[in-house]
Amino acid sequence: MEFIADLHIHSHLSRATARNLDLEHLYLWAQLKGITVVGTGDFTHPEWLSEIRTKLEPAEPGLFKLKDEIADKVAEEVHPSCRTEVRFLLSVEISSIYKRGGRVRKVHNVVYAPDLETAEKINSRLDRIGNIHSDGRPILGLDSRDLLEIVLEASEDAFLIPAHIWTPWFSALGSKSGFDSLEECFGDLTGHIFAAETGLSSDPAMNWRVSGLDGITLVSNSDAHSPAKLGREANLFDTGLSYFDIKDALKTGDPTRFLGTIEFFPAEGKYHFDGHRKCGVRLSPAETRQCNGICPVCGKHVTVGVMYRVEELADRREGEGPLRRHPFTSLLPLTDILSECLRVGPQSKKVQRHYHQLLRDLGPEFDILRKMSAERITHAGSPLVCEAIKRMRNQDVHIAPGYDGEFGKIRLFDDDERDKFTNQQSLFQIPRSRKKTSLRKVEKEPSRPAKAGKHAPPAPIPKDKNPGVPASSMLNLNPLQEEAVLHTGGPFLIMAGPGTGKTRTITERIARLLSHGIARPDQVLAVTFTNKAAEEMEKRLDLRVANQDILKHVTIRTFHGLCLDIMHQEAEALKTEDIFGILGDVDRRRLIKSLVPGGCDAQEVSDAISAAKQFLFLPEDNWEKIITGIPHNLFAGIYRGYQEALRENLVFDFDDLILQVVRLLESSEPIRKKYQERFSFISVDEYQDINHAQYRLIRALAPADKDLCVIGDPNQAIYGFRGSDVRYFHAFKKDYPEVKSICLTQNYRSTETILKASTQVIGRTNTNGPLWSGIHGDQRITISELPTEKAEAELVVKTIETEVGGISHFSMDSRKIDTGAGTKERGFSDFAVMFRINGQGKVIEEAFERSGIPYQRIGKERLADRKGISDILYCLRMLEALPGGMGNNGLFNSKQVDWGKSELERLKARLEGLSVEEKIEHILKEVDCLRDLSKEEAFKKDVDQLLSFSKSFGRRVPAFLAHLALQSETDLHDPRAEKVTLMTLHAAKGLEFPVIFICGCEEGLIPYQHNHDEAADDCEERRLFYVGLTRAGEKIFLSRVKKRLLFGKTLTPSPSRFLKDIDQDLKEHETPFSGKKRRDMQLKLF
DNA sequence: CGCCCCTGACTTTTT
DNA sequence: GTCAGGGGCG
């Protein structure tokens, strides 16, 4: 018999599916659509399986039917014209996320079982591998090949079909995380793959161009996430009604039994073309190639769609194909056609009403779309609908292709064409009946046009998040930002809370100074704390200032970078050599250790030296007041010895850079004047974080009447332990009495919920005006309580899997229902996991390792200090005879490198005149231990980083070394990497993510209590938590555990006090892993 | 000289 | 509970 089958659907137990996606509704909708065989979906889910057991009973071999008593009830709801038999077939989609060949693969496969026993067998195997209890489409760290093996082992009649093979994110051949061929994906078991699902965004003709798929039966299914989407695509069979006949038809591809497929128009699919939905960029494959796959708006890689990917793997031209082809028909869903005719949304009541009227009068949807005569359709519907269907059957459809998760837009008529049909007569001849249909209450037709909500464009993205678009004018600034930008002529203080467009404001301001000719480029100085902030500023300024020459003369530096420059310029006045080294952390520790007597805490001494220097005290000065905890005579000796060692080795430490310059500027009026005149326009970022030395530096450079603009947020002062003092920020008004100040309060990053919660946390110490964003999203932030930190880590991983995996490519049903921030498509880079101390990171990292989710951990170890890298640098210094290379006291010797004098001379001669990069490559080959190390992945990565960093320095080894010393790990955070970021709360400052996790929200950890006798610094810890919360744009997940193993001790911490400060109605408490009870599904049809 | 074992440390860390 | 580094022993 001839029948239609839809073999890939989901139940209500899958993520992002309709609540009414139960067997009754599947039965109902299969009939409305005209489908005979439907997959059950989700058979791995225990709850769904038991639903299957209770509601279905075996029918023909391998098929199931709804039990009569249930079917009878549902039958009343089916239009008599549509009533028919429906069979179910056990199916499930598995999401496999795993690493292969060094890449993360995400592949979806549909598995079919001939009977419940086989399903059970598969389930029990998968249960051991991962969690199949919480998602109808389980996400497993299981290789597709291994999944196939499990399936085949369970029963020789079970089979597997790779799902929607072209979708970018989750498929066997997908561009993002798939393979280049089925062979690559399934390896030795590829022979067991006899069918593949083409997915919504491709049709068989596209697939024919890939010869690797010859002999594979191309099937099409709906992948429905709601009953009404059933049969969006489907298969035509002409076989006996049984599982085995269906399987055999697919396996053999016998064209008399597998008749082909019913398709979407591929352009209507969500991933047909390429682009960025967020940026509003839609690209054809050719256009994508033209811009090298980079989004012209945001500069990130575009989401490459199905068309592009097919062309990439195609070895035949368009129109060509294999001998064995199955026919296919492209159809539009009837609701889409009606939507087009009625000019209202497909979900609208109006469309729904007409839809059911047509079905009632004419029979199942597929009958209407595929073969019904024009007369009948016109009679029951209207000439317009009939014409629409005619055009569809003739493939006369205009579609703006879908891209990056956005469905294509169909157009069947021009406006005047439509008018031609509608003006003749009312659209439907059927009276707007109040006739009782048993299906639904017919509501009065709304007189207003299509509901705005569903089709309204998303809220405009704040310009700030669109750094690629140069602001054409200052109209993009809010009034306060504009005021800040316009201010010139005197000291200016900007309080800028999180997400208020701080960097934008500061760069706009500089851009204006330059473009209005108020300042010469060389007069402009911008000081930041981090290289990253400096780079960011430079990047943004670059977009605003057309002339590269101008930008070149602007000084944008970190505090240390600026001082390093000045030290080089003023080497003579400083009585130092022109070339000197910078003492890295590792060498500093080693040096101090060699100086302190036993039993003395080297770290404490190191901190003390740092503190002394930050207050500009050298050994001979009166540092006594600020040094506590170390006997002063002892400290004096160590400090003196330390400074001597630095001088002998011609190196300065980080603190010296500032100290030397401040002392120079303060002691020499001519030099001070010179720099004061040079830098007439100064901006300082993150002013709340300056320490005493940095404060004095700014004071020296900027006298009271200077055009000095400082910007910062006292709420985010989190570096007190390192000498930063927010009091300098507050003292600014006293220091610069002429000061004007403003406070930016519009936040462009976070939802109101997040702003409210973080404001409550910062509480009475809040120094800012009330932040607002007008961004509405989740009403609550989630707080989870877990038994152990391992469970906590697993929850983080699982939540990310859900957020990424549950939604990505077929969320359309739910996306239209769940508006707002709830169901965004997310990539891994949208997430950050934060914690208070690095020690927490390990467990979390391990959980990520297990899951295969790509992540990057921002650690504290700088590139220059890593194993092997420090040795390379040591070699470089030796070769160049640079400071820090040859320790007079053996301090800075590399343990690994042992070059004799003659060997050194020989190498020197050989490497003469080479670039830094080439020298490094030679060193790698010359040194035994480095050669050995080169086998290690981690070292290879480090070397790659080092080499790429070295490129811009040409032959300038000293500059390379100096700048490398001033690099930090945070500078290496790559927001473009499709990875979850793991880091401490401190490291998160200045970053933003749509979704954040903060782990360990427990007393003792947040706020952190170092030891029992010392109370935690409540205020600074509060600010730290505030910084963490305000990183988030849309969602916050906080977690705490009841039992935590920390430093070998088991703690049973109570919840963080900061959690209590968040209003109850902003919090949602969850106790995961306890099997949330779902509401019983009722048969409420519409 | 090299290896192994023991011992202590184990916040946050823009440069 | 883990890991690095120092000291001691072979």
Side-chain angles (χ1 to χ4, degrees), chain A residues 527-536 557-564 582-586 588-590 593-594 598-599 601-604 606-607 610 613-614 652-659 684-691 693-694 697 712 716-724 789-790 834-843 846 858-865 867 895 898 962-973 983-991 1000 1004-1011 1014 1016-1017 1020-1021 1023-1025 1027-1028 1044-1051:
Chain A
V527 190
T528 66
F529 275 83
T530 65
N531 291 302
K532 213 171 131 191
E535 276 161 30
E536 178 69 22
R557 292 285 188 282
T558 62
F559 272 101
H560 291 84
L562 173 69
C563 290
L564 183 68
I582 292 171
L583 187 71
D585 272 349
V586 171
R588 175 190 173 98
R589 208 173 315 138
R590 206 179 294 164
K593 268 210 169 139
S594 76
D601 186 346
Q603 186 61 47
E604 204 176 345
S606 174
D607 290 347
S610 209
K613 288 191 177 183
Q614 281 176 16
F652 290 98
D653 64 17
F654 290 128
D655 299 313
D656 281 335
L657 299 179
I658 317 257
L659 175 143
V684 186
D685 197 12
E686 306 274 21
Y687 196 75
Q688 80 282 354
D689 277 335
I690 60 168
N691 63 31
Q694 289 158 338
L697 177 74
Q716 295 186 69
I718 54 170
Y719 285 109
F721 69 93
R722 206 168 48 188
S724 299
E789 65 265 35
K790 205 169 163 190
M834 306 175 203
F835 33 82
R836 179 62 181 83
I837 58 174
N838 273 310
Q840 289 172 264
K842 203 187 158 201
V843 180
E846 283 165 356
I858 301 187
K860 55 178 171 180
E861 200 178 29
R862 297 157 348 114
L863 185 61
D865 291 332
K867 193 168 121 191
K895 275 188 186 170
D898 188 21
H963 282 264
L964 191 68
L966 298 183
Q967 279 275 324
S968 85
E969 165 81 11
T970 12
D971 298 330
L972 299 168
H973 169 253
M983 66 196 150
T984 62
L985 286 164
H986 282 89
K989 191 170 172 196
L991 304 176
L1005 215 44
I1006 304 178
Y1008 187 77
Q1009 192 164 20
H1010 184 40
N1011 42 33
E1014 237 175 279
D1017 181 345
E1020 180 145 324
E1021 295 287 322
R1023 292 192 294 267
L1024 185 58
F1025 192 56
V1027 166
R1044 181 178 296 279
L1045 194 66
L1046 201 63
F1047 306 138
K1049 278 193 195 102
T1050 305
L1051 308 169

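Side-chain atoms are counted along with the backbone in the values below, which use heavy atoms only and exclude waters and symmetry mates. Quick note on labels: first sequence line is chain A, next is B, and so on, each numbered from 1. Everything quoted here is computed from the prediction, not taken from an experiment.
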- Item | Any residue meeting salt bridge (charged side-chain N to carboxylate O under 4.0 Å, His left out) with A:Glu686, in chain and number order, not counting sequence neighbours | A:Lys502, A:Lys989
- Of the nucleotides C:dG6, C:dG1, B:dT13, which has the atom closest to the A:Leu1045 side chain? C:dG1
- Residues forming a ring pair (Phe, Tyr, Trp, His ring centres under 6.0 Å) with A:Phe1047, sequence neighbours excluded: none
- Please state whether the base of B:dT11 and the side chain of A:Arg836 form at least one donor-acceptor pair under 3.5 Å? no
- Query: Looking at A:Val684, A:Asp689, A:Thr530, A:Asn691, which one forms a side-chain contact (heavy atoms from CB on, under 4.5 Å) with A:Phe559?
  - Reply: A:Val684
- Whole-Å gap separating P (B:dT11) and CZ (A:Arg1023): 21 Å
- Task: Calculate the interatomic distance between A:Leu1046 atom CG and C:dT2 atom C1'; express it in whole Å.
- Result: 12 Å
- Task: Give A:Phe559 one of three labels, base, sugar-phosphate or nothing, depending on what nucleic acid heavy atoms sit under 4.0 Å from its own.
- Result: nothing
- Separation of B:dT11 atom P from A:Phe721 atom CZ, nearest Å, is 12 Å
- Message: Can you tell me whether the base of B:dT12 sits syn or anti, using the 90° cut around 0 to define syn?
- Response: anti
- Can you tell me how far P of B:dT13 sits from NE2 of A:His560, to the nearest Å? 16 Å
- Message: I'd like to know if A:Arg1023 and A:Glu1020 make a salt bridge, using a cut-off of under 4.0 Å between side-chain N and carboxylate O.
- Response: yes
- To the nearest Å, give me how far apart CG (A:Asp689) and P (B:dT12) are. 17 Å
